[in-house]
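Please read the structure below before turning to the comments.
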Amino acid sequence: MRTEELRDAVLTWFGHHARDLAWRRPGTSAWGVLVSEVMAQQTPVARVEPAWREWMERWPTPADLAAAEDADVLRAWGRLGYPRRALRLRACAAAVVERHGGVVPVDEADLLALPGVGAYTAAAVRAFAHGRHAVVLDTNVRRVLARILAGLALPGPAPTREEVRAAHALVPADDAGSARWNVAVMELGALVCTARAPRCEACPVASACRWYAAGRPANAAPRRPQAWTGSDRQARGRLMAVLRELPDDARLGRADLLAVLPGTDVDQPARALASLVADGLVAEHAGVDGTGADADGTEYALPSRRRQEVAP
DNA sequence: AATACGGGGTG
DNA sequence: CACCCAGTATT
């Protein structure tokens, strides 16, 4: 199957099966697209949609988000995961306002310079928000190309030069064609060429797929195990969940906050809390006595941008 | 090149 | 219950 035929098959399939995602609706701003991409970084699209709707209703423009409180931003982020993305998104909004007059830039280098925007998101914004040429290489596209071109069940841990080159070769040179191809091949990976149970019987390019032709062999190297229970990340997440539920302007004493963590590792709670403070995800307030010598008097809350933080 | 970084849906 | 999800920033 020639490149042209492969593209047409995927584009035709997309025409019939594209999801009606909220940020694909006509009239969605470039900023709205950028927000959707950041939210979807390592978070499944299905969980992003409701959060995106509420978020965009509350903060429709970069200027709106830039003026928001970090605490409100983190609460609205909710359980999407990796809450540092929420802070980066607000910083991104501020950068768009300050550097680009509130307009989401089109230039790749300008996009890459924004907080929380990496190679994937920059390409996605160029393609999906601006309809410009870009090489979108997310986990979906990487998997589709790994199977069709390399005959592998799953792509490696990070994109290789060769992968980028191959992806680039498939993207039409013109803006409009590029934009359509990127979204179509990504959608194919999300709906048909899935990681777990690929639906090859419904795939428009199965006849051109090296992996399918080889009988869908399993990958040689399994991925490294990822422990969750008892991890620092779980501990951080639990602390953030507690602080998100705190009433406005309320604070929680250090002992009360750390007590919510199970005590398998004796110094994990303190370590997790310190890392959250270091990341700017939690604000640390000196105790009422103000001496600062007594760590147990220290109180914690989600960070406020306007209120001056006082180091204990 | 390796790691850290959430949380939940699913096979 | 392991695995994976429209990745990014840091070391």
Side-chain angles (χ1 to χ4, degrees), chain A residues 14 18-19 21-24 32-52 74 77-89 91-92 111-129 134-145 153-161 167 179 182-191 193-199 218-219 221-244 268 271-272 274-276 278-282:
Chain A
F14 181 75
R19 286 170 295 181
L21 299 176
W23 45 86
R24 285 183 186 165
V33 172
L34 194 160
V35 170
S36 78
E37 295 302 340
V38 172
M39 286 185 170
Q41 291 168 359
Q42 296 291 282
T43 300
V45 163
R47 266 202 294 154
V48 165
E49 273 212 271
W52 183 85
L74 288 168
W77 193 261
R79 298 186 297 192
L80 289 179
Y82 294 146
R84 47 172 60 172
R85 287 184 294 157
L87 297 187
R88 288 198 194 117
L89 187 52
C92 176
L111 287 165
L112 282 171
L114 297 173
V117 175
Y120 162 74
T121 303
V125 169
R126 268 184 65 80
F128 308 147
V135 179
V136 175
L137 202 52
D138 78 325
T139 187
N140 292 302
V141 178
R142 292 190 62 217
R143 187 174 53 250
V144 171
L145 299 190
L154 294 172
T160 63
R161 290 243 168 76
N182 280 315
V183 70
V185 67
M186 212 165 117
E187 193 82 334
L188 185 68
L191 298 183
C193 194
T194 57
R196 288 293 195 91
R199 303 170 48 231
N219 256 28
R223 310 232 166 175
R224 35 157 48 71
Q226 49 178 2
W228 168 248
T229 304
S231 66
D232 281 12
R233 281 156 69 174
Q234 185 189 41
R236 286 167 52 105
R238 180 80 186 104
L239 294 179
M240 288 299 292
V242 168
L243 294 178
R244 278 199 307 269
Q268 183 185 57
R271 184 170 68 242
S275 72
L276 289 172
D279 288 347
L281 289 164
V282 170

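Letters A, B, ... mirror the listed sequences (proteins, then strands); counts begin at 1.
- Protein atom CD of Glu49(A) is 15 Å distant from nucleotide atom C1' of dC5(C), rounded to whole Å.
- Using a 4.0 Å heavy-atom cutoff across all strands shown, Ala124(A) reaches no nucleic acid atom at all.
- Evaluated for a side chain to side chain donor-acceptor pair (under 3.5 Å) with Tyr82(A), the options Gln41(A), Arg88(A), Gln42(A), Arg233(A) yield exactly one hit, Arg233(A).
- Rounded to the nearest Å, the gap between the P atom of dA4(B) and that of dA6(C) is 24 Å.
- One atom, CZ of Arg126(A), and another, C1' of dA6(C), lie 18 Å apart when rounded to the nearest Å.
- By the side chain to side chain contact (heavy atoms under 4.5 Å, CB included) test, Arg47(A) is found to be paired with Thr43(A), Pro44(A), residues two or more places apart in sequence or in another chain being considered.
- Within 4.0 Å (heavy atoms only), Trp77(A) reaches no atom of the nucleic acid at all.
- In this structure, the CZ atom of Arg196(A) is 7 Å from the C1' atom of dA2(C), given to the nearest Å.
- If you measure from atom CG of Asn140(A) to atom P of dG7(C), you get 7 Å, rounded to the nearest angstrom.
- The 5' end of DNA chain B is approached more closely, in terms of each residue's nearest nucleotide, by Arg47(A) than by the other of Ala197(A) and Arg47(A).
- Nucleic acid contact class of Ala119(A) (heavy atoms, under 4.0 Å, all strands): sugar-phosphate only.
- Protein atom CZ of Arg79(A) is 15 Å distant from nucleotide atom P of dG6(B), rounded to whole Å.
- With rounding to whole Å, Leu191(A) atom CG is found 14 Å from dT10(B) atom P.
- Of the residues in residues 230-240 of chain A, none lies under 4.0 Å from DNA chain C by heavy-atom distance.
- Computed from coordinates, the Tyr82(A) OH to dA6(C) C1' distance equals 14 Å when rounded to whole Å.
- Out of dA6(C), dA9(C), dT10(B), the shortest distance to the side chain of Arg88(A) is found at dA9(C).
- Note on Val117(A): only backbone sugar-phosphate atoms sit closer than 4.0 angstrom, heavy atoms only; bases stay farther off.
- The base of dA6(C) sits within donor-acceptor range of the side chain of Arg19(A), with an N or O pair under 3.5 Å.
- Atom CG in Leu87(A) sits about 11 Å away from atom P in dG6(B), given to the nearest Å.
- Checked against salt bridge (Lys or Arg N to Asp or Glu O under 4.0 Å), Arg236(A) has the following partners two or more places apart in sequence or in another chain: Asp279(A).
- Using a 4.0 Å cut-off between charged nitrogen and carboxylate oxygen, Glu187(A) and Arg24(A) count as a salt-bridge pair.
- The residue Arg24(A) sits close to a base: some heavy atom pair falls under 4.0 Å.
- On a pure distance criterion of 3.5 Å, no polar donor-acceptor pair joins the side chain of Arg84(A) and the base of dC5(B).
- Within 4.0 Å of Leu89(A), counting heavy atoms only, lies no atom of the nucleic acid at all.
- Side chain Thr43(A) to base dG6(B): a donor-acceptor pair is found below 3.5 Å.
- Across all strands, Thr194(A) comes closer than 4.0 Å to no nucleic acid atom at all (heavy-atom distances).
- To the nearest 0.5 Å, atoms OG1 (Thr160(A)) and CZ (Arg142(A)) are separated by 7.5 Å.
- In terms of position along DNA chain C, the nucleotide closest to Phe128(A) lies nearer the 5' end than the nucleotide closest to the other residue of the pair Phe128(A) and Pro115(A).
- Which of dC4(C), dG7(B), dA6(C) sits closest to the side chain of Arg244(A) comes down to dG7(B).
- At a threshold of 4.0 angstrom between heavy atoms, the contacts of Gly81(A) include nucleobase atoms, whether or not backbone atoms are also involved.
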